[in-house]
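A quick write-up on the structure given underneath.
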Amino acid sequence: MKRALALLGAVALVGNASPGDGKPPERKRPNIVILLADDWGFSDVGSFGAEFRTPNIDALAKAGVRFSDFHVAGSCSPTRAMLQTGVSNHRAGLGNMPETIPPEHVGKPGYDTVLNDRVVTMASLFRDGGYRTYLTGKWHLGKTPDKLPTARGYDHAFSLADAGADNFEQRPIEGLYDTADWTEDGKPATLPKDYYSSRFVIDRMIAYIDGGRSSGKPFFASVNFLANHIPVQAPDAYIDRYRAAYRQGWTAIRAARRDRAAALGIVPAGTPMVTMGTTRDWATLTADQRAAYARAMAAYGGMAEAADEQIGRLVAHLKASGDYDNTVFVFLSDNGAEPTDPMGTFLGRLNSRIHYNMDPAEQGRRGSFTSIGPGWASAASSPLRGYKFSAGEGGLRVPLIIAWPGNPAVKAGTVAGRLAYVTDIAPTLLGLAAVPGHGDTYRGRRVEPMTGASLWPMLTGQADRVHPDTQPIGYELSGNAAIFRGDYKLVKNLPPTGTGEWHLYDIVRDPGETHDLAGAMPGLFATMQGDYAAFAARDQVLPMPAGYTAEQQINTNGFNKSVRPKLVRGAALLLALAAMVGGAIWWRWRKRASAAR
């Protein structure tokens, strides 16, 4: 009886909306599947405008709702922290990532670079609520035993603690990590010989789901793809499908995607776009350069299609087992498309050529180290400004699809066009499952309360928004910052994607952030600056050191962590060898001198 009362009261406990409104009370609690893509831009799904094939994700869109104004963080682990907990990245400990944090911020409040102990994961709450909990793929929220998924609420997890790794073998991103830190249930794990990342994370998840089926409990499954994080890699057959697809260049693809997104109802017709300052003119490239760039994007499209095919395999398995209709699917990306070009710096070129096959004809294949760079990242983010790391819409706005195929209350095939934020996912899913949430205490200890709102009213068409126009939502990462308030966004970006100055945009009518409203709406501009100041003080946001950029810091931190120790060891070895050789020469000289006497 107590358990039944707890479940009936769960909706009132999970957030600041009523996620159960309009839902049949007798419905069996659903399974939950999160499908988290890595570094997919806003239009990197067919049903959001992509030219590469994602039929299985598009089928989920047809069965559910697409959110066209959904926002995350500009980098992976801050998003993952907010997704897992429903709490802002600074309060969850991810004010910055270990790869991008400047030394001046290490150890400061909110800059733990791992998921801290002041937050509670969805997995913990689902497990408390009688669910089986599983995770496969990228974790990136801590690698010590107390920070791994099975210490944060997951019954079973086969996870990667790093930002990325090779997709064909157990190999790290060379120059950034020394090993590929894979574990299963908290213990070091070995990947199979026929490993390919997207296939493997689905293989393991299916095994976990089937292995616990006899318990009769519903499941909460978090599938975390490495696709399409650097290195961009895909089986040859997938790359070959796109060999001719990108010869016209990124400017043409960016425009074509904008037009398709508008036709699909994702953005307004005729949405204006900027040309990012880091994007080169395709027409000025040599024929060899264009061919190499086109091959890189072919690998990117192939990698995305390979991930989509594996999503289809999981969906087919759940249909065969009878679970599909009562499963809630959530597809999203952790941030916008990745603009980093490892070949853009001397150290990057040196590292890549030492460790990888950089032949342009081998891009995307086993042993290669492929990235799409800022040109193709601008196309993947079309029609938005910016990409990963930035606080522009191209860095923060990503595709979100939520489907519950067997629930007729969900307005299948529709587009929800008002603001949603990554911290909304946890209260939404907990509410749909009638699993109790928490306030500022959990199991007798003080914790950060969830801040998101349930998206159920938008899923059912009961409301077109869940965040009041007067509610500010703050964000900051690596000095790039934003405040969302209704249809408006106040934003600043540090170089190279901005000047550090604040701008104001209507991101519903101008999602491409082309028309700054700061001068036309000075009252709102000042109010939102005050909103940001209050957010920054509350979340203890620190100013960035002069000259900081995330990409440069990645190179510096990777060099200090992985390359410098090797150079020091190499130098020590060379000194030791020099001493040995010098000693031998000296000994022989002394011996000859003695003989001469």
Side-chain angles (χ1 to χ4, degrees), residues 39-44 48-52 74-75 228 230 232 242 245-262 267 271-301 304 333 335-345 348-349 360 363 370-398 478 480 491-501 503 505 510-516 549-552 554:
D39 292 357
W40 287 36
F42 177 68
S43 57
D44 269 341
F48 280 75
E51 68 291 328
F52 50 67
S75 290
N228 280 358
I230 295 174
V232 175
Y242 297 99
Y246 297 105
R247 292 174 180 170
Q248 68 269 52
W250 39 66
T251 302
I253 293 293
R254 181 165 163 82
R257 285 197 177 195
R258 185 267 312 273
D259 295 343
R260 277 194 297 271
V267 298
T271 292
M273 300 186 297
V274 301
T275 298
M276 263 80 86
T278 51
T279 301
R280 299 173 67 184
D281 184 349
W282 183 263
T284 66
L285 303 178
T286 67
D288 287 345
Q289 287 174 323
R290 289 196 294 268
Y293 279 123
R295 167 77 185 198
M297 192 60 184
Y300 185 88
S333 175
N335 48 247
E338 166 71 85
T340 304
D341 181 1
M343 299 297 285
T345 66
R349 289 191 294 274
Q363 287 189 92
T370 299
S371 63
I372 61 171
W376 287 123
S378 73
S381 300
S382 177
L384 309 178
R385 176 197 291 264
Y387 18 59
K388 181 179 177 180
F389 300 124
S390 81
E393 288 294 276
L396 307 187
R397 189 188 293 214
V398 297
S478 296
N480 301 324
V491 60
K492 70 171 180 178
N493 284 292
L494 300 182
T497 55
T499 63
E501 299 176 335
H503 302 275
Y505 298 106
D510 179 26
E513 296 175 306
T514 64
H515 182 50
D516 186 1
T549 69
E551 184 174 350
Q552 184 180 42
I554 288 174

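Minimum heavy-atom separation, S371 to A296: O-CB, 3.6 Å. Across all non-hydrogen atoms, the minimal contact from Y387 to S378 is CD2-N, 3.9 Å. When all heavy atoms of V398 and S333 are compared, the closest pair comes out as CG2-O, 3.4 Å. Considering every non-hydrogen atom in both Y293 and R280, the closest pair reads OH-NH1, 3.6 Å. Pairing each heavy atom of G375 with each of T279, the nearest pair is CA-CG2, 4.0 Å. In plain terms, the two heavy atoms of I253 and A245 that are nearest each other are CD1-O, 4.2 Å.
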Quick one, E338 with K388, criterion salt bridge (charged side-chain N to carboxylate O under 4.0 Å, His left out). Give me CA distance, side-chain angles, the key distance, then yes/no.
CA-CA 5 Å; E338 166 71 85; K388 181 179 177 180; 3.0 Å; yes
M273 vs R258, side chain to side chain contact (heavy atoms under 4.5 Å, CB included): CA-CA, chis, key distance, verdict:
CA-CA 9 Å; M273 300 186 297; R258 185 267 312 273; 3.8 Å; yes
Worked check of side chain to side chain contact (heavy atoms under 4.5 Å, CB included) between M297 and Q363:
CA-CA 9 Å; M297 192 60 184; Q363 287 189 92; over 6 Å; no
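With hydrogens and angles left out, the side-chain atoms of R257 and S382 include no donor and acceptor closer than 3.5 Å. A side-chain donor from one of Y246 and E51 sits under 3.5 Å from a side-chain acceptor of the other. Between H515 and D510, the side chains place no donor N or O within less than 3.5 Å of an acceptor N or O (distance only, hydrogens not considered).
For E393 (side chain) and E513 (main-chain N/O), no donor-acceptor pair under 3.5 Å exists by modelled atom type. A donor-acceptor pair is defined here as one N or O able to donate and one able to accept, closer than 3.5 Å; such a pair exists between the side chain of R290 and the backbone of L285. For S478 (side chain) and N480 (main-chain N/O), no donor-acceptor pair under 3.5 Å exists by modelled atom type. Checking side-chain atoms of S381 against main-chain N and O of A377 turns up a donor-acceptor pair under 3.5 Å. A donor-acceptor pair is defined here as one N or O able to donate and one able to accept, closer than 3.5 Å; no such pair exists between the side chain of R254 and the backbone of A379.
Here OG1 of T251 is found 9.0 Å from CH2 of W282. Values are rounded to the nearest 0.5 Å. Here OH of Y505 is found 8.0 Å from OG1 of T514. Values are rounded to the nearest 0.5 Å. In this structure, the separation between CG on L494 and OG on S390 is 11.0 Å, given to the nearest 0.5 Å.
Inter-residue side-chain proximity for P383 and V267 is flagged as met; some heavy-atom pair is nearer than 4.5 Å. No side-chain heavy atom of W250 sits less than 4.5 Å from a side-chain heavy atom of I372. Here the side chains of N335 and L396 are not in contact, with every heavy-atom distance at 4.5 Å or above. A heavy-atom distance below 4.5 Å is found between the side chains of D44 and F52.
Surrounding CZ of R349 are more than 12 heavy atoms belonging to other residues, nucleotides or ligands, all under 6.0 Å away.
In this structure, F42 has its ring center under 6.0 Å from that of F48.
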